[in-house]
Amino acid sequence: MDKVGIVGYNQVKLYSDANYGRYEMIFEAVRGALDNAGLKKKDITTVISATNDYYDGRTISNCFTVEVGGGYLADESKVEMDGAHAMLYGLMRILSGNHKLAVVWGGSMPSCYPYHSARLYETDPTWERPNAYVNDVTASGFQMRAYMDKYDIGAEYIANIAVKNRKNAAKNPLALEEAQNSNITVDEVLNSDAYSDPVTELMVAQPCDGVAAVLLAPERQALKITDKPVWISGVGWNQDTYYIGERDLSTCTSMELAAKQAYDMANINDAKNDIDVAELHEAYAHEEMIFTECLGLAEKGEARKLNTSIGGDLPINPSGGAMGGKPPCATGLIRVIEAVKQIRGEAGDYQVDGVNRAVATGQIGMCAQNNIVWVLEGGGE
Amino acid sequence: MSKQTQRKSMKYEKKEYKKTRTMEANWYLSSYNYKFNITHMQPFLKKMKQKKLIGNKCSGCNRVFYPPRLVCGECLVKPDRWVDIRETARVATYVIAYLKNEEGEVEERPLVLVQHDGCDTTSIAELAPGVDVKDTYIGLPVRAHWKDEPEGGLEDIEYYDLMEDDAEDLQ
Ligand SMILES: [Zn+2]
């Protein structure tokens with residue numbers, strides 16, 4: 001694959017109820033990314049957004065985000081998935097050889113609509129919807145219990161992930177204020193309100209308002225734009241079956257296959273040693289453990305033994321991950337941005353020492369049905 | 001389709017039985033709260049209350065927007081100046097809408113896009129009640145008809161009155 005670099009990025013501060021409109025929030029993210037790279041509107045050749053008609057309250061919602069997203073009279077298209085998937089489309093646009101700068105942005109504003117109710121409509125109308133209350137939260141309960149039972153893991157290990165991520169989020173100035181807590185304990189997580197047993201409130205990544213944007217450029221342009229480009233060395237993506245009943249919920253097969261594809265492309269044979277930091281889109285605390293194993297960073301059932309804190313063996317979600325705020329359609333893209341920050345040494349208080357290769361993931365669907373894995377590397381030349 | 005398959009499919013007799021079933025289900029969000037910025041609209045709404053019109057101008061491309069826009073898409077910056085625009089306008093294009101009145105009769109009403117003098121964008125509007133559809137044409141000069149007591153909103157202009165067309169054809 002030709003070299004493609006990430007040359008700029010920006011993420012707005014996450015809020016549970018932002019005091020500004022969605023239109024302006026998108027503008028702030030995209031304009032900020034251009035400013036971050038020192039570019040102008042004229043430099044944009046293609047724009048890919050990640051939004052959702054349902055979440056935007058409009059049909060074909062990219063019609064209305066054109067001006068603020070940089071798509072005015074430009075080559076523009078939309079992906080109705082995670083922002084990390086939109087980046088795949090952006091990458092393909094650059095690899096086509098026709099484009100010099102791709103803007104990829106994604107985000108949503110759940111303060112305008114009931115997010116978990118909307119996800120009820122993701123289920124099958126004939127088999128799942130009529131007889132059961134299955135939405136993203138209850139489905140994750142199936143997943144958490146299946147994982148705990150298979151490897152005989154107590155809920156305290158899962159609560160521990162929530163504690164680590166919420167503590168990390170406290171160091172991240174852009175994280176959701178409600179999610180930042182540097183004094184949180186395992187007991188607090190276990191004793192918080194039950195969302196759908198065994199999942200408790202503090203194990204759930206809270207949907208919030210936010211938009212993020214990254215800029216992609218082919219090698220030649222990337223080196224002209226910045227002396228610190230981050231290169232895409234591998235990407236893999238995979239879609240699992242729609243029916244939850246057909247999947248082994250104690251693992252995540254689509255993540256395993258996506259990781260294999262990405263590692264093959266990036267020539268990674270020993271993920272545990274080759275990767276310095278991981279930013280995962282864990283919609284629930286237990287998903288981080290499942291993903292850690294599927295990405296080959298720990299053996300099956302052994303994720304609990306890995307020290308994933310900022311100074312640990314293999315830091316995972318030093319930014320707080322999705323637990324630090326989950327804006328629908330932006331979360332995966334924010335993971336990519338956090339990985340870029342770690343490689344460029346711009347992560348501030350949650351910087352991990354000596355990062356050269358990072359992995360970032362995005363997901364969409366019930367129990368992480370569809371996953372995408374990005375392997376990013378530093379090195380200016 | 002191969003010849004054999006084609007032959008087979010021609011022999012196929014359509015049987016009379018139901019292959020599908022429909023079930024009623026909901027597909028709606030109980031509510032959606034559209035959130036939008038008002039700060040960039042305030043000067044405009046204040047002026048509306050005084051029966052005056054202003055638009056905002058982008059210093060990148062010098063275009064004037066009415067109604068005011070938050071962002072100029074061409075330059076990807078916020079328009080940063082306010083300029084007065086006139087209450088006279090011209091019809092940029094129009095469409096005939098057919099609406100049923102209370103008696104159930106279909107009425108023809110022109111729906112127009114008007115461009116105010118001094119700005120670069122058009123806005124959707126209605127012509128004064130009683131205007132004959134046949135009198136509408138592109139370039140028709142019109143003037144904003146204000147509410148008696150404007151409240152500071154886009155509805156303060158009720159409709160557009162016709163003006164005498166004093167434009168002369170170029171010789
Ligand atoms: Zn402009």
Side-chain angles (χ1 to χ4, degrees), chain A residues 15 17-28 30-35 39-44 47 52-58 61 64-74 76 103 109-130 209, chain B residues 17-45 55-82 92 95 113 115 119-124 152-154:
Chain A
Y15 294 104
D17 188 2
N19 186 26
Y20 56 139
R22 174 147 165 69
Y23 203 59
E24 183 160 28
M25 201 179 235
I26 299 167
F27 176 71
E28 194 188 305
V30 175
R31 183 73 248 179
L34 286 180
D35 292 344
L39 299 171
K40 294 198 235 18
K41 157 75 176 130
K42 275 185 207 144
D43 301 314
I44 302 172
V47 177
N52 184 306
D53 288 359
Y54 226 149
Y55 300 167
D56 273 347
R58 282 175 182 82
S61 66
F64 112 98
T65 58
V66 167
E67 284 87 358
V68 284
Y72 181 89
L73 292 181
E76 191 267 353
V103 172
M109 198 165 248
S111 61
C112 298
Y113 60 88
Y115 175 77
H116 294 298
S117 310
R119 294 205 58 184
L120 275 173
Y121 297 108
E122 200 176 312
T123 52
D124 185 83
T126 46
W127 298 106
E128 287 162 346
R129 246 191 266 169
D209 300 351
Chain B
Y17 61 88
K18 260 199 157 173
K19 291 173 196 148
T20 61
R21 185 180 294 176
T22 56
M23 59 180 288
E24 272 184 35
N26 293 322
W27 175 244
Y28 63 85
L29 279 176
S30 55
S31 64
Y32 194 95
N33 304 310
Y34 293 90
K35 205 159 27 167
F36 57 94
N37 287 63
I38 46 170
T39 42
H40 78 291
M41 296 277 279
Q42 292 303 351
F44 163 76
L45 298 174
N56 59 0
K57 186 171 185 175
C58 171
S59 49
C61 59
N62 281 329
R63 288 190 302 165
V64 176
F65 302 105
Y66 170 86
R69 302 280 288 275
L70 182 70
V71 167
C72 169
E74 189 175 329
C75 310
L76 200 61
V77 294
K78 291 186 179 182
D80 50 359
R81 281 174 290 162
W82 290 100
V95 65
L113 282 183
Q115 183 172 0
C119 82
D120 294 287
T121 53
T122 63
S123 46
I124 298 173
L154 277 172

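The chains referred to below are lettered A, B, ... by the order of the sequence lines, with proteins before strands, and numbering in each begins at 1. Note that the structure is a prediction, hence the values are computed from the model and not measured.
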Smallest separation among heavy atoms of A:Gly21 and B:Asn37, with atom names = N-OD1, 2.8 Å

key: Under 4.5 Å from a heavy atom of chain B, the part of A:Val68 involved   = both

ask   = Top residue by heavy-atom pair count (under 4.5 Å) with chain A, among B:Leu76, B:Val77, B:Thr39, B:Asn33?
value = B:Leu76

key: Test salt bridge (charged side-chain N to carboxylate O under 4.0 Å, His left out) applied to A:Asp35 - qualifying residues, sequence neighbours left out   = A:Arg31

ask   = What orientation do A:Tyr115 and A:Tyr55 show, parallel under 30°, tilted 30 to 60°, or perpendicular over 60°?
value = tilted

key: Qualifying residues under salt bridge (charged side-chain N to carboxylate O under 4.0 Å, His left out), relative to A:Asp53, sequence neighbours excluded   = A:Lys78

query = Where on A:Phe27 is there a heavy atom nearer than 4.5 Å to chain B: the side chain, the backbone, both, or neither?
reply = side chain

